[in-house]
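Read through the structure below, which is laid out as structure tokens, and then see the notes.
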Amino acid sequence: MNQAKPINKTALFLAAVMALSVFTACSKQIDEEPEVTEGTTVATEVTTAPTTTTEATTEPEPEPEMLEKYVEYYELNNDFVGWISIPGLTDSSGDMYIDYPVVQADDNSEYLELSFEREKSSAGCIYADYKVPITAKSHADNITLYGHSMANGTYFRHLLDYKNGVDVVQDSYIINFDTLWEENQYVIVACFLIGIYEWQDSEPLFEYYKCRNFDTEEDYNYFYENIMLRTYYNSNVECEYGDEFLTLSTCAYDFDDSRWVVVARKVREGEDTSGYTYEKNSSRHKPDSVSYNY
């Protein structure tokens, strides 16, 4: 999708002001008892310094500003929360296969057959899991984005390219996911095929789409161990408790109700992403519902 056309600066400013959520922070007043200083005795009277009160206030943090390039999209649809793109997956002209706005609604069904322009469409729209809102100051530890795998190659169809061998992920392991307020990069750590029902696999059902926040290290370990158990590829990308993740999910066609999932870790501040390498994971767990060569 092409970048938004320039718009009037005044309108842009007003839109940005309306778009941002309003947060209030209390100014905490702290009463301090000063040290009492005794004076000298004069004519049998003692003079004491008067007690004074010092007030300390805290300034509320300034609201992050909406990125200018996304204001126009927010004006078109207030459910707009970000933009997903994968620079390494391109057609013969160099255009990215996956380069779309992302919305977030009050449930995960609204945009199944609704376009970004809110028109009826079987292709739907790329949407974020609704359970944890993406705001200027917070979001899930693991943001999950859903999109249809369209036969014409649009939306998340080309996520399936990562099934085609280690060379694909080696050339395309960077994923960009911007929120309205911040540009972000992620590096792929796992790609896997999975079912959504218990009867499809001998392994306990792994509901990856419910792994939103890692409130404890145990929560994180459960998520990480399960994605690495199933991943097509291993890499030298390190992950630890406290990292943030992005999960991309789409339909697969290896068996009924199968899903293809790509998980990426948010790039850390100052991180050099140029040296990551990937190799085939020959010992990965394969769902019982399907047999295939790779």
Side-chain angles (χ1 to χ4, degrees), residues 1-25 59-90 94-106 110-111 114-118 124-147 154-156 172-188 212-213 243-248 262 264-273:
M1 183 175 291
N2 296 329
Q3 292 284 358
K5 298 179 179 178
I7 57 178
N8 181 272
K9 291 184 178 178
T10 302
L12 193 156
F13 173 77
L14 293 175
V17 172
M18 296 176 65
L20 295 175
S21 302
V22 178
F23 295 82
T24 57
E59 292 292 333
E61 293 183 7
E63 287 294 326
E65 293 185 5
M66 187 183 298
L67 297 175
E68 183 175 345
K69 62 182 177 180
Y70 294 136
V71 171
E72 185 173 356
Y73 293 97
Y74 185 83
E75 290 177 335
L76 289 173
N77 185 342
N78 289 168
D79 288 336
F80 174 63
V81 292
W83 197 282
I84 177 72
S85 63
I86 304 181
L89 296 180
T90 60
D95 295 326
M96 288 183 285
Y97 287 123
I98 297 176
D99 188 22
Y100 294 105
V102 175
V103 295
Q104 187 176 46
D106 294 330
E110 183 168 350
Y111 283 93
L114 201 64
S115 71
F116 179 77
E117 294 77 17
R118 300 191 62 80
C125 189
I126 306 298
Y127 61 92
D129 181 77
Y130 78 102
K131 281 285 189 177
V132 183
I134 298 172
T135 71
K137 294 185 176 180
S138 66
H139 53 71
D141 296 330
N142 175 39
I143 298 172
T144 299
L145 305 185
Y146 299 96
T154 56
Y155 293 90
F156 272 176
S172 313
Y173 62 79
I174 294 291
I175 297 175
N176 297 325
F177 175 59
D178 299 344
T179 67
L180 278 171
W181 307 272
E182 183 180 53
E183 295 179 331
N184 301 297
Q185 278 194 331
Y186 296 76
V187 289
I188 290 178
R212 301 178 178 99
N213 284 326
D243 283 333
E244 297 178 14
F245 293 85
L246 178 70
T247 296
L248 310 181
V262 176
R265 172 181 61 72
K266 187 175 180 180
V267 172
R268 302 162 181 165
E269 185 175 355
E271 179 179 357
D272 179 5
T273 61

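Below, each value reflects all heavy atoms present in this structure, side chains not excepted, and no hydrogens, waters or symmetry copies.
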[X] versus [Y]: any side-chain heavy-atom pair under 4.5 Å?
{"X": "Val103", "Y": "Val81", "answer": "no"}
{"X": "Thr90", "Y": "Tyr97", "answer": "no"}
{"X": "Tyr186", "Y": "Ile174", "answer": "no"}
{"X": "Leu67", "Y": "Glu183", "answer": "yes"}

Worksheet item: Can a salt bridge be assigned to the pair Glu244 and Arg268 using a cut-off of 4.0 Å between side-chain N and carboxylate O?
Response: no

Fill in: Arg118 and Glu110 ion-paired at < 4.0 Å
yes

Worksheet entry | Test side chain to side chain donor-acceptor pair (under 3.5 Å) applied to Thr154 - qualifying residues, sequence neighbours left out | Asn152

Discussion item. Please tell me whether Asn176 and Trp83 have a donor and an acceptor in their side chains that are separated by less than 3.5 angstrom.
Written reply: no

Could you work out, with ring-ring contact (aromatic ring centres under 6.0 Å, His included) as the rule, every residue matching [X], not counting sequence neighbours?
{"X": "Phe80", "answer": "Tyr70, Tyr73, Phe116"}
{"X": "Tyr146", "answer": "Tyr127"}
{"X": "Phe245", "answer": "Phe223"}
{"X": "Tyr130", "answer": "none"}

Worksheet item: Pick one: which of Asn142, Thr144, Asp129, Thr247 meets side-chain hydrogen bond (donor to acceptor under 3.5 Å, both in side chains) with Arg212?
Response: Asp129

Practice prompt. Assess whether side-chain contact (heavy atoms from CB on, under 4.5 Å) is satisfied between Ile175 and Val262, documenting all intermediate values.
Written response: CA-CA 10 Å; Ile175 297 175; Val262 176; 4.2 Å; yes

Worksheet item: Who are the salt bridge (charged side-chain N to carboxylate O under 4.0 Å, His left out) partners of Asp141, not counting sequence neighbours?
Response: none

Discussion item. Before you tell me yes or no, could you show the steps for Val132 and Asn213 under side-chain contact (heavy atoms from CB on, under 4.5 Å), namely the whole-Å CA-CA distance, both residues' side-chain angles and the distance that decides it to 0.1 Å?
Written reply: CA-CA 9 Å; Val132 183; Asn213 284 326; 4.0 Å; yes

Worksheet item: Counting only heavy atoms not in Asp95, do more than 12 sit closer than 6.0 Å to its CG atom?
Response: yes

Item to complete: Give the intermediate values and the outcome of side-chain hydrogen bond (donor to acceptor under 3.5 Å, both in side chains) for residues Asp79 and Tyr74.
Response: CA-CA 7 Å; Asp79 288 336; Tyr74 185 83; over 6 Å; no

Response to the item:
In this structure, CD of Gln185 is separated from CG of Asp178 (nearest 0.5 Å) by 9.0 Å

